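A quick note: this is a predicted structure, and the numbers were derived from the prediction, not measured.
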Amino acid sequence: MQKKIYVAGMMDDQNEQAVQQAVSAVSGVTSCTANALKAQVLVDFDEGTAGIEDAINAAISGCGFDVLG
């Protein structure tokens, strides 16, 4: 499944890299691309993995950014 997540607070490439690394480390995530200019993270993941969406949001929040919506 692919999901677009809107994120507040990402400002530069360094923020993008931090989010990409954190989300990519979540079990079940197959790819992740963060874009600070668009304030979004595009994630491909196995929707069959229990609690994965909460884990992805927690990974983003753990980097100091707010998940919107």
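- With sequence neighbours excluded, the residues satisfying side chain to side chain contact (heavy atoms under 4.5 Å, CB included) with E16 are D13, A34, N35, A36.
- One finds the CD1 atom of I56 at 9.5 Å from the OG atom of S24 (value rounded to the nearest 0.5 Å).
- Closest approach of S27 to T49, counting heavy atoms only: O-CG2, 3.8 Å.
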Could you go through the side-chain contact (heavy atoms from CB on, under 4.5 Å) check for I60 and V23 one step at a time?
CA-CA 7 Å; I60 294 169; V23 173; 3.6 Å; yes
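- Every residue two or more places apart in sequence or in another chain was checked for a side chain to side chain contact (heavy atoms under 4.5 Å, CB included) with D54, and none qualifies.
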Donor-acceptor pairs are to be reported for all side-chain atoms of residues 1-10 against protein atoms at under 3.5 Å, with residues two or more places apart or in another chain.
{"residue": "Q2", "atom": "NE2", "partner": "D44", "partner atom": "OD1", "Å": "3.2"}
{"residue": "K3", "atom": "NZ", "partner": "E53", "partner atom": "OE1", "Å": "2.6"}

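- Rounding to the nearest 0.5 Å places SG of C63 at 11.5 Å from CD of Q17.
- Between S31 and V43 there is no side-chain heavy-atom pair separated by less than 4.5 Å.
- Atom CG of N57 and atom CD1 of I52 lie 11.0 Å apart (nearest 0.5 Å).
- Taking SG of C32 as the start and CZ of F45 as the end, the distance is 11.5 Å to the nearest 0.5 Å.
- Once rounded to the nearest 0.5 Å, the distance linking CG of L42 with CD of Q40 reads 7.0 Å.
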